[in-house]
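Each remark here refers to the structure printed beneath this line.
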Amino acid sequence: MPRRHSAVSAATPLVLSFCLTLPVNAADPRAPAGQPAVPTDQAASLKLGDVLVKGQRKNYEGSREVDREQIERMPAGNGDITSLLRTNPAVQFDNSQLSSKTPGEISPASISINGQPHWQNLFTLDGMGMNNDLDPGNTANNASELPGRSQGLAVDTDLLESITVHDSNVPASFGGFNGGVVDARTRDPKRELSGKLSLQMSRSQWTEYHLDENDPELDEFEAAFGTGNQPEFDKLITRATLEGYLTDNVGLLGSFSRKQSTIPTRVFGLSHDTPEANRRQDRELQIDNYFLKAVWDINPELRVSGSLTHAPEEDRGFGSNALHSYRVTQAGGQALNLTLDWKSPVGLISQKLSWSDQHNARDSEADYMRIWRPSTSKNWSSSNVASEGGMGDIEQSQRGLAYQADIHWHPMQTGPISHRLHTGIALKHDAVGFERRAPYFSNSLASLKPTDYCAANDPWCAVGETINGWPGQYMTQYSLLEAGEVEFSTRQWALYLEDDMRYRRLSLRPGIRVDSDNYMDQTTISPRFAAELDVLGNGSTLVTAGANRYYGRNLYTYRLRESLEQMQVSYSREDQNAPWVAGERAPAGSKFSQLDIPYNDEVSLALSHIRWGTRFTLKYVERKARDQVSRAWGSQIGQPSEAPDQLKPNYYTYYNGGQSDSEIWSLTVSPMLPLHLGSSWTTFDLALDWSDINSSGLNDYTSSIGLLWVDDPLIMYDGSAMRYSERPADNYNRPWTVRLATTTVIPEWNLAWTNFFRHRSGYRRVAQTGQFVEYQGQLLREWLEQDYGSTLTWDTRISWEKPFTRKQAAFVNLDVTNLLNKRIASTADKNSTGYEVGRQFMVEVGYRF
């Protein structure tokens, strides 16, 4: 039969030797395109080398893997990790991720796992965390804030051997998440000297845009105003890899990739009609990956591996409606991972040490924002305001040192029960910082007064007739955000224990994880339990159940915001010749309070059955999320300011006011062997899911809630009275999806064809009508749901190789997303509807040896 990966794994190190025989007239479905197929006129034996298997004996229906073959053959998109998770029924994407207005973006997509916030997933690289916890849910880019993202390093998928998503029954070795775990594993070097060079390209000319003709902002889109309108773009991805073994036991892999997108933009809105305002500027996006990995097999029992990743990101563009507003926004960073695996007398001992340095920063052309009335000297604006300047220079950093040690103990027996213990410890230290590198100045339009002259070197004064008839203008007030730093450090530790037990046809995996940190000064205990019954004793029918608790992540923005609010001072002067006088320091507008750690309680049940050479799996997951972090005014939650001179009366704080309830049903159909037709073979994977996700709306920590919703009032939703917390979530929530992935390989043509079909329930607009409805003697606010209909998308990739020798080949990959060019609604408001991007082409050409 065709060669397949073994489905068996063990909690202790096993050395397995496989000898699989291909029957007559069978081709090897794993043979790369361009390589000779297994001869069809005789049987052939394939022997795999020794394989070290470590980890849990089974995943208890809690994990799905995207292996190297799938990574290479799925439509690649921008080559980011999360875009490859579209086949996973537990994963949902941001409604605006594929917006037809922003197809030039290259950042990784944000995902929700089992209905949980996108910033509450754990991302790991070779088993060590790579989350950015500075402010991952923020989208603002202003004087004190930068946009954030949970996945700290935008790792290119060409580096990866596999991506595993743990969405339920997650082992106790993983902590710090509410949603799920995305575990990316990098490739080991190949034995023989090998390499690859490739270029991948997409352009706006190869893209179909779907837009709402009634959109009042359509003219701004066509003019490319701001960062959210991209009618033109050019993307180019460059990749290069060299790998091989330097000696019999030392291997090295080096890789480089660069993703670039150039987007022409208009800095000023269409209300500005001057030569300066009508100019176009280029916004340039760039993500680099420099990667080096070494492996050293010291002896059969000892292996050392290490990797160094440098993954900087830059967004070079302009602020809106302002002169001298050029800025470079940076993200990403670097990480060093070291791993020592020892097959000791007691079991496999794995030790990992990692260092990371992640940052979000902005370098601005100007450290001021000056707002003028348009005049003969301030003549770039034809509206009532002429602005110049940027948002200043700031940097946020997160530097971490982490250590993790695991022992996968050898099996032991207690009577008729076998045990495979897994124990571990994790330690982490983070140094967190915010720095405003120079003072930042800004004023309001109300601070302007007329003048007919300016003192020398006064940047707050300008001569020139204004639109309201002044001979000149000067400013009497400005606000100063002081240069300065905020620094603190956190320490975390975790202990975990699991016992994977088996008694006849029953397997049990009780476990526990204990986490503690000095940031929230709390210790949490997470019980984990999974069970599996082999109904017939032959592995064909399995019933799996689980009950687990997952504690989430702490975000550093909760504490940073309090210190930043205290860096503001206002200055004023009586007239142009008077000195600037500092006023009282502004009271803090934010207060940090130690919070409870948000958590999820999970119950799962699954039935798996093999029939007709196919595995059918029906799975149910229920999540109850509690103590989710929200932001509110202190007065809204019974914590008014008691010292207005130190804390603003309308200060905000964070509290544990949010909750959500999720139910997810899924059915997956996975043939265990490919379908052969002549010399070709085809695999497919079918997944159906249905979800019911209700959210209080209080779990968005980036925006303040209204007082009305703190008490979770009754509302009228589509004719039914319910609590506000019972309404459906308005994002990351398509109620049902059908996903089908197929791959057909024709070895004699050196051709592979992959298709991904996704049929989703339509986008639902959930919004207030502004009306009240009477219900049992009280007036309830009315909410309505607008359904935009189900949608079908078809993405495809055609891969072709031209071999020159047995080890060398040129290749071409053609990706087409939304092949049918469907018009798919993704967002809506009362004025217009947003749509996903239409048919889009991406071409990759390269050479491998």
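Values reported hereafter were calculated over all heavy atoms of this structure, with side chains retained and with hydrogens, waters and symmetry mates removed.
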Would K101 and D215 count as a salt bridge (Lys or Arg N to Asp or Glu O under 4.0 Å) here? Give the steps.
CA-CA 12 Å; K101 287 189 173 183; D215 185 351; 2.7 Å; yes
Would you sort out whether E388 and K378 count as a salt bridge (Lys or Arg N to Asp or Glu O under 4.0 Å), showing the intermediate values?
CA-CA 9 Å; E388 62 172 323; K378 307 297 181 183; 3.3 Å; yes
Would you check, one step at a time, whether the test side chain to side chain contact (heavy atoms under 4.5 Å, CB included) holds for H118 with I111?
CA-CA 5 Å; H118 64 86; I111 61 170; 5.9 Å; no
Could you check whether any side-chain N or O of S383 sits under 3.5 Å from a backbone N or O of V385, counting only pairs where one atom can act as donor and the other as acceptor?
yes
Looking just at side-chain N and O atoms, do D135 and Y701 make a donor-acceptor pair shorter than 3.5 Å?
yes
Identify the heavy atoms of N733 and A729 that sit nearest to each other, and give their distance.
ND2-O, 3.0 Å
A side-chain contact here means heavy atoms from C-beta on lying under 4.5 Å apart; do L211 and L218 qualify?
yes
Do we see a donor-acceptor contact under 3.5 Å between the side chains of Q576 and T451?
yes
Going through the distances and angles, do Q151 and N131 end up as a side chain to side chain contact (heavy atoms under 4.5 Å, CB included)?
CA-CA 5 Å; Q151 182 184 333; N131 278 68; over 6 Å; no
With the side chain counted from C-beta on, respond yes when S660 and Q116 share a heavy-atom pair under 4.5 Å apart, and no when they do not.
yes
Say whether, by atom type as modelled, one donor and one acceptor occur between the side chain of T82 and the main chain of A109 under 3.5 angstrom.
yes
Residue set satisfying ring pair (Phe, Tyr, Trp, His ring centres under 6.0 Å) with Y788, at least two apart, ordered chain then number -> Y763
Once you round to the nearest 0.5 Å, how far does CZ of R553 lie from CD of Q120?
7.5 Å
Will you find, in the side chains of N278 and R266, an N or O donor that is under 3.5 Å from an N or O acceptor?
yes
State whether the side chain of D367 and the backbone N or O of D393 hold a donor-acceptor pair below 3.5 Å, judged by distance alone.
no
Please check this pair: side chain of D94 against backbone of Q97, looking for a donor-acceptor N/O pair closer than 3.5 Å.
no
Just checking D718: does its CG atom have more than 12 heavy atoms from other residues, nucleotides or ligands closer to it than 6.0 angstrom?
yes
Heavy-atom distance under 4.5 Å between the side chains of M722 and I715, does that happen here?
yes
Would you compute the distance between atom OG of S107 and atom CD1 of I287 and round it to the nearest 0.5 angstrom?
5.0 Å
Kindly compute the distance separating CZ (F93) from CD (E836), expressed to the nearest 0.5 Å.
11.0 Å
Do the side chain of T274 and the main chain of W380 share a donor and acceptor less than 3.5 angstrom apart?
yes
I'd like to know if the side chain of D133 pairs up with that of N554 as donor and acceptor (distance under 3.5 Å, no hydrogens or angles considered).
no
Verify, without hydrogens or angle tests, whether S489 (side chain) and A431 (backbone) share a donor-acceptor contact under 3.5 angstrom.
no
For the student: nearest non-hydrogen atoms of D212 and T833, plus distance:
OD2-N, 2.9 Å
Between P649 and P644, which heavy-atom pair has the shortest distance, and what is it?
CG-CB, 4.2 Å
Under 6.0 Å between ring centres, would you say that holds for Y368 and Y478?
no
May I ask you to decide if the ring planes of Y654 and Y558 are parallel, tilted or perpendicular, using 30° and 60° as cut-offs?
tilted
Has Q636 got a side-chain atom pairing as donor or acceptor with W633's backbone, closer than 3.5 angstrom?
yes
Minimum heavy-atom separation for Y519 and Q594, please, with both atom names.
O-NE2, 3.2 Å
N831 side chain to P216 backbone, donor-acceptor under 3.5 Å
no
S826: what forms a side-chain hydrogen bond (donor to acceptor under 3.5 Å, both in side chains) with it, not counting sequence neighbours?
none
Side chains of P117 and Q628, heavy atoms from C-beta outward: is any pair under 4.5 Å?
yes
Pair Q230, E105: side-chain N/O donor-acceptor within cut-off below 3.5 Å
yes
Apply the side-chain contact (heavy atoms from CB on, under 4.5 Å) test between L285 and each candidate in D315, T227, T262; give the one that qualifies.
D315
Y732 to S110 - nearest heavy-atom pair and separation:
OH-CB, 3.4 Å
Hey, what do you get for OG1 (T653) to CG (L595), rounding to the nearest 0.5 Å?
7.0 Å
For M391, does its backbone N or O pair with a side-chain atom of R362 as donor and acceptor, under 3.5 Å?
yes
Quick check: does any side chain N or O of R436 sit under 3.5 Å from a backbone N or O of E482, one acting as donor and the other as acceptor?
yes
Checking R373 against L445 for the side chain to side chain contact (heavy atoms under 4.5 Å, CB included) test, could you report, in this order, the C-alpha distance in whole Å, the side-chain angles of both residues, the deciding distance, and whether it holds?
CA-CA 8 Å; R373 295 185 185 275; L445 192 64; 4.0 Å; yes
Just checking, is any N or O donor in the side chain of R561 or S144 under 3.5 Å from an acceptor N or O on the other one?
no
Side-chain heavy-atom pair T139, T702 within 4.5 angstrom cut-off:
no
Heavy-atom check, side chain of Q330 versus side chain of V328, under 4.5 Å
yes
Under 3.5 Å, is there a donor-acceptor pair between the S381 and H272 side chains?
yes
Under the side chain to side chain contact (heavy atoms under 4.5 Å, CB included) rule, what do L134 and T557 come out as? Steps first, then yes or no, please.
CA-CA 6 Å; L134 290 166; T557 185; over 6 Å; no
For the residue pair M369 and G389, what are the closest heavy atoms and their distance?
CE-O, 3.4 Å
Residue pair Q477 / S570, side-chain donor-acceptor N/O under 3.5 Å:
no
Pick out which of R327, R316, K259 makes a salt bridge (charged side-chain N to carboxylate O under 4.0 Å, His left out) with E284.
R316
Distance, nearest 0.5 Å, that separates CH2 of W470 from CG of D452:
13.0 Å
Here the gap from I467 atom CD1 to N379 atom CG, rounded to the nearest 0.5 Å, amounts to 12.5 Å
Student check: side-chain heavy atoms of Y474 and R573 closer than 4.5 Å
yes
Say whether R559 and Y556, considering side chains only, have a donor N or O and an acceptor N or O under 3.5 Å apart.
no
Within a strict 4.5 Å, meaning less than it, do heavy atoms of the N321 and S387 side chains meet?
no
